[in-house]
Structure formats: structure tokens, C-alpha cells
Number of protein chains: 2
Amino acid sequence: MVEMVRLKDVAARAGVSVSVASRALTDDAHARISADTRARIVAAATELGYQPDHRARALRLSRSGAIALVVPEVNNAIFGGLHSGIQEACQQRHTAVLLGQLNASDRSAQALSRLIGNGRVDGVILQRAEDYDDASLQAALDIPVPTVLFNSRLSGRPGSVVLDDPAAVRIAVEHLRELGHTGIGFIAGAAHHDAAARRLEAFTELMAGEPSHPEWTQSGGWEAPAGHLAMSRILGLDERPTAIVVASLNAAVGALHACAAAGVRVPDDLSIVSIHDAWIASYTAPELTTVRMPMVEAGERAATMLLDHLDGAELEDVVLHEPKPELLARGSSAAPTHR
Amino acid sequence: MVEMVRLKDVAARAGVSVSVASRALTDDAHARISADTRARIVAAATELGYQPDHRARALRLSRSGAIALVVPEVNNAIFGGLHSGIQEACQQRHTAVLLGQLNASDRSAQALSRLIGNGRVDGVILQRAEDYDDASLQAALDIPVPTVLFNSRLSGRPGSVVLDDPAAVRIAVEHLRELGHTGIGFIAGAAHHDAAARRLEAFTELMAGEPSHPEWTQSGGWEAPAGHLAMSRILGLDERPTAIVVASLNAAVGALHACAAAGVRVPDDLSIVSIHDAWIASYTAPELTTVRMPMVEAGERAATMLLDHLDGAELEDVVLHEPKPELLARGSSAAPTHR
DNA sequence: CATTGATGCACAATCGGTTGCGCATTCGAT
DNA sequence: ATCGAATGCGCAACCGATTGTGCATCAATG
């Protein structure tokens, strides 16, 4: 427990008034301070180990120096990368990151505003929950601070960073086609989530020339149980696809588990490719072939946009094309066995 | 974007001064306010949707109303539960939770103090990184706010919540013994982490009567690669145990993967029981038998202790005996096959 | 009826840092 | 030598809430 040193102490040590000390330390552009005085103040500050009090600064500047990251589920595979990227960008801009998990239980419109309090954070990065419909999302965003949506967008409300979902799906499908698959199914995310919709749409377009198999496309959710259920339904069909693209990694883990439970061998009987990558993909049996998405970069982009906006820039709707989604071929995909 | 309503506005609407409004809304015990006035103020506050500005309150009270949760790795299985518990306890006490990940890259002593800033949080809950030795930990804790350690303790520095590690290990070992196993190995955590040490010690005591097999105990770390490596070493031995207790879930996933890679069948050739439970344990092949630890409760306890301390209570060193660790028998443990 | 005490409220200082403005001094130009 | 401008610094207001203290008003008491 160290004693707190205030600006007053620094000023006293340098033999100046508090106001000059403040200007010297904040690099005020309008400041007219002699080089000598400035040096004395800086020296005094470092000697005393001065750190400005965030509370006072926040009050005066009406900036709390913190943003909130609100996610539906911290266990989701994408959370780690997203958080790293945001943390990284924020650290450089001297901003703290508050974490909020918005449980399924309290999805009321005020839940978010309670979470961020009044003046607690300057902005919010929100990962849309899979069971938020557009109206709920709009209602939840009725908060007095700007928001950037991650992998979701809302018409008429700028401020979003979405991944290149069509490219990811295309890469997965092309990989399977190169292996020789013609019958490809799709396990999608929640029906009314726009990221899930984009992936589904991309998949549908890619399948345009193929014989139609609507039952090979199953909507579910992003977590493992949903993936398990969707895969179970597909495995119950009379005529099965030989390969499946799964729209999220946790769901792919669930899907893989369903295969194991049903005695379906992966990749011999069925190939699986998942969108998103995380450590767990290298530790399943078989290891999961995935399309790595630039989550860290997406987090950085979202945080940067939010912080820039706080400094006056406009919010935008960004599609993150670079770095490109990348195929990580592992053991869950192989050429189909013709019988 | 809603307009901000200040206490001044509430006071004006109720026809009183700001000070009375403040006392009325904070339930000041010394306050002498007529019931009528108080009602008018409360009414005005709700009508205007008044929410006190956290920045101003923080400055005046020297309390920021936030605590930091600092973890080495958000992908670790225990993080989700821990965070939920802390969040839960903090929400009731109107406290926000800042998340900090202390990367392996910046393990300097100032990293933590930079993270929490000056006056940004009132306290810290710290999950010790597996590569922190006692001295580094002590140095990192040289911050001007109180700290509660999770699943770690430091002599001479009260403030910790640790799980009932010996009980967990005993439950795992007893389960394996009931199945008929006599040769039991152990994959421990990082050597100098005290939680790992407690689990290892408990294991050693339980093995006191058995023939000694020091090479059946492998120290590593808490993440999957460490578990993989440790298991590989054990599988390379001439004489193998028939069952393994793994000290953490992520490491168990890694260990299971090593078995699959080596063609060792689980549980036929080798049983695995892991300490800690999370969703992934139900989705591996085979599903992992685990000992569920009360992570949510531990988080609640740690947060409550910290918040109580901020209100004047003493910090304690708590061992969380209730709820007890619970065996969740799944597919990775079975009776040994005698050949 | 005068005095004491309790009651209900407002004034103003305060937390620590930021910033508009004013004052004094020095400098350059005529 | 004189005047205007530029420079260097301090004073004081302010951000929004909390809180010690003081001033009225009214009831209770002898």
C-alpha cells in the first residue's frame, strides 16, 4: 500500500502552481511554459512517482477512461481472441476494459444500462447474444454512450465490425470440394442473428448449382449443445451429406461429439470443417479442421473505432477483410470414401 | 443517447437544495428530513430517471465502485465460473468488474499497477499465473489497493480463497480405487504454484501405502500442451499406471489428446479423472470424468471478502469446504482391464 | 411568557485535476 | 525612449456528488 501523491505535491516540489504542473504534464498545446520549468515539473513527477487520479480526471473531463466489453458467454471460443485485441488497443490508449456478461436470465433492456452504470464507461463493445432479435438489440442499445457492435450490424445505426463471413464459408466449402465432396451440409447459427444469416446465405449461394438438400442445413445456435442437436438430426436422415460446415467452433465440438456418440467416424464417414479457431480445435479427437478468423484484429479494430469516435471521429460499419480467413487443415476433413 | 440528469435537476424539481436531495437519496442515517420532503425527492428522482454520476461519487468518496479481476488466461476452464461468481456478488453491491489478462509477455511488477491505474479500482482479485513464483507475486502485489488471491496464498499476507484441493484429489483417487485401480499416476500443475503443490501433496499422502512410482507423477502446467507433454512422458514408461489424476481440466484435455495420438484407449487402457469441470468435459471423446469444484461460490466468496474489507472488515484466508467437490463420473474412467 | 431543544433545511467546503482568463514581466520594433 | 505584443505563470471557477455546520422555525417545558 503506497501513499498517494497528488498533483499538488508535484507542483510544490517543482515550486510552481498546480495549474502549470497540470499543463506541463498533459502536454497542453496552448501551454506557454518555459523549457526549464517544464523539466523541473516532469522531474518532480517522476521522482515522486506521480500518477494522476483517474477519478478526478474522469469527473473533470467527463471521460471515465474505460469501455465495457459485453458478451453473452465468456466460454465461447471467440471470446479470448476478441478480448486480447480489445485489451491491446485499449492499453495503448490508456483505457481500461470492463467485462460484462449478459446472462440469458437478465436480457432486459435495462440490464445493460445497469451494467455500465452512469458515467462508468465511455463506450461499449457488444457481442450480440444469439437470442437477441433486432428489436431487443435496439432496445438494449438505448444507453447514453456510443456502442460498437461486434459481428453484427443494425441498419440505421452505424458502429460495427463484422468478419468476412462469406469468405470464411467459401474457404471451407472450397476445401471440401477440393477433397472431392459433393454432398455438403451446413450447421448454422441462431436463425435471427445476422452473422449467422450471412454465413447461411453465403453457403446457399455456393450450393446454387448443386441438387437441393434443404434438410442438410440445420439452424441451431453457437454453443456445443446446439451443434450436437443439429448434427444428430442430420445423422438421422436417410440420405446424408459426406461433409458438414459448422458455423461456430463450440457448435463444431458439439457436432463432433454427436458423431462419436452415433458411431459415425470422422473424417472417414463424415468430414467436418468449422468456422473459427481456438486451442480446443487442436485437442479434439480427431483434431478439427477450421477456418481461422482474425478475432484479435477484429477486437483491435472495434476498440480503435470506439476510442476514435470518443475523440470525435465518426462511427463506421466495417467489414474486416484483412487478414483473410485462413484454412487450418487438421484431422476432421478428408476425401470422401466411395462405397 | 439519453440526456444526463444531475442531482441538481432532481433537487430543483423537488424544490429543495442539492444537499437535502443527496441525503434523501443515500438514506443518510443522520439525515433529518421530513417524510413529505423525502417522498417528493424520491418521486422527482424516479420521474427524471436519475442515476448518480459514478465519476463524481468516486472522487468524493475515494471509492471507484469497481474491482479488477486479473487472470493469466481467459481461456482456462475455471475462468467462466470464477467470473460468474464475482460478477454476481459485485452486482448486488453495485460494483463493476474490470477484467485484466496479465499476459505472459508483460509479467513485470508494474504491469499490474498499470492495469489498475490510479484510483481506477478499489481492489483486486488475482488468479495467480502458473509461472509466478512467490517473489514475483509479492512484487506484483505492491499496489495501493487490497488484493484477494484466488486459489493461492502468501504467508504474512492475508486475503485468499482457496479450494479444498486435498478433498478433490481424495475424491478422484477414491473413485479410481473403487473401480479397482491400484497403479495411479498424477499430472500436477506448475511446480511452484501452491495450489498445485497442495494437490500434489494430497496425492502423495494418499499413495503413502503403495509401492513408490515417482515417475508416475509428472509436473507440468495447467494448460493443454503441458497436459499433453506430461501424458506423453508417462505413456513412454516401461511400466505404466492404469489410471491418471490430472490436476486441471485443460491439462486433462491435453492428456486425453496425447492418449489418442499414442493409440492408448481411454478408459480401456487408461482411466483419466480431472480436477475441475466445465462444459468441454462433456464434449470430449470419451467424455471426461471430473471432480467439480465450486468455482462460482469461490468467486462469490472472494468478491464478498474484498467488498467487506473495503467496508472495514479484515481480510481472511479462507478454505472453501462447502459445497464439497463432487465427482461427475463420465466415460474416461472405468475398471482396469487385467491382462 | 421566556427558554431550551429538536427539527428541517440550506450554505459552503471538499475530493483532485483541468482550463479560461488576467497579471506581470520581458522582448522586439519604431 | 516608448509602446504593443508575446511570454510565463498564478488565480479561481468548475466537473457532480457528499457532508460538517449554521440558521431559522416550531414544539415542549417550567
Side-chain angles (χ1 to χ4, degrees), chain A residues 2-42 44-45 48-65 94 117-122 144 311, chain B residues 2-42 44-45 48-66 94 117-120 122 144 311:
Chain A
V2 199
E3 199 45 52
M4 202 131 96
V5 34
R6 292 150 304 174
L7 187 54
K8 188 200 299 183
D9 305 322
V10 175
R13 185 179 239 263
V16 294
S17 73
V18 193
S19 53
V20 186
S22 171
R23 284 185 241 259
L25 294 176
T26 53
D27 290 323
D28 188 333
H30 294 286
R32 297 175 307 192
I33 306 179
S34 70
D36 172 62
T37 309
R38 183 185 296 270
R40 278 209 326 281
I41 295 173
V42 172
L48 295 176
Y50 170 72
Q51 296 219 161
D53 186 314
H54 276 101
R55 297 178 282 240
R57 179 172 253 164
L59 175 58
R60 181 61 226 243
L61 300 180
S62 303
R63 270 283 283 268
S64 60
H94 303 104
N118 189 344
R120 183 146 296 166
V121 298
D122 302 323
D311 291 339
Chain B
V2 199
E3 200 45 51
M4 202 132 95
V5 35
R6 292 149 305 174
L7 187 54
K8 187 200 298 183
D9 305 321
V10 175
R13 184 179 241 263
V16 295
S17 73
V18 194
S19 53
V20 188
S22 171
R23 283 185 239 260
L25 294 176
T26 54
D27 289 322
D28 189 335
H30 295 285
R32 298 175 308 194
I33 306 179
S34 71
D36 173 61
T37 309
R38 183 185 297 270
R40 275 207 329 280
I41 294 173
V42 172
L48 295 177
Y50 170 72
Q51 296 218 161
D53 185 314
H54 276 101
R55 297 178 283 240
R57 181 173 248 162
L59 175 59
R60 180 60 225 244
L61 300 180
S62 303
R63 272 281 284 267
S64 61
H94 303 104
N118 188 344
R120 182 145 298 164
D122 302 323
D311 290 339

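Letters A, B, ... mirror the listed sequences (proteins, then strands); counts begin at 1. What you see below is based on every heavy atom in this structure, not just the backbone, and it leaves out hydrogens, waters and symmetry mates.
At least one donor-acceptor pair closer than 3.5 Å links the side chain of S64(B) to the backbone N or O of R120(B). N118(A) places no side-chain N or O within donor-acceptor distance of the main-chain N or O of D53(B), the cut-off being under 3.5 Å.
Looking at which nucleotide of DNA chain C each of L61(B) and R23(B) is closest to, the 5′-most match is held by R23(B). With DNA chain C read from its 5' end, the first of the two nearest nucleotides for V18(B) and S62(B) is the one closest to V18(B).
The structure places CE of M4(A) at 10.0 Å from CG of D9(A), a figure rounded to the nearest 0.5 Å. Atom CG of L61(B) is separated from atom CZ of R55(A) by 9.5 Å, given to the nearest 0.5 angstrom. Taking CG of L25(B) as the start and CZ of R38(B) as the end, the distance is 9.0 Å to the nearest 0.5 Å. Atom CZ of residue R13(B) and atom CZ of residue R40(B) lie 12.0 Å apart, to the nearest 0.5 angstrom.
Within the 4.0 Å cut-off from OP1 or OP2 of dG17(C), not a single side-chain nitrogen or oxygen of R6(A) is found.
Regarding R55(A), its CZ atom lies at a distance of 19 Å from the P atom of dT14(C), rounded to whole Å. One atom, CZ of R60(A), and another, P of dT18(C), lie 9 Å apart when rounded to the nearest Å. What separates CG of L7(A) from P of dT19(C) is a distance of 12 Å, to the nearest Å. Rounded to a whole Å, the CE atom of M4(A) is 12 Å from the C1' atom of dG17(C).
The residue L59(A) sits close to a base: some heavy atom pair falls under 4.0 Å. Residue contacts for S19(A): at a heavy-atom cut-off of 4.0 Å it reaches a base atom on one of the strands shown.
Checked for salt-bridge contact, D311(A) and R63(A) meet the test: a charged N lies under 4.0 Å from a carboxylate O.
For R57(A), the salt bridge (charged side-chain N to carboxylate O under 4.0 Å, His left out) criterion is met by no residue, not counting sequence neighbours.
Taking every nucleotide of DNA chain D with any atom under 4.0 Å from a non-hydrogen atom of chain B, the first and last of them, 5' to 3', are dG16(D) to dG22(D).
Smallest separation of non-hydrogen atoms from A21(A) and L7(A): CB-CD1, 3.8 Å.
Taking every side-chain heavy atom of T37(B) into account, dG8(C) is the closest of dG8(C), dT18(C), dA10(C).
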Between the protein and nucleotides 3-7 of chain C, which nitrogen or oxygen pairs come in under 3.5 angstrom?
none

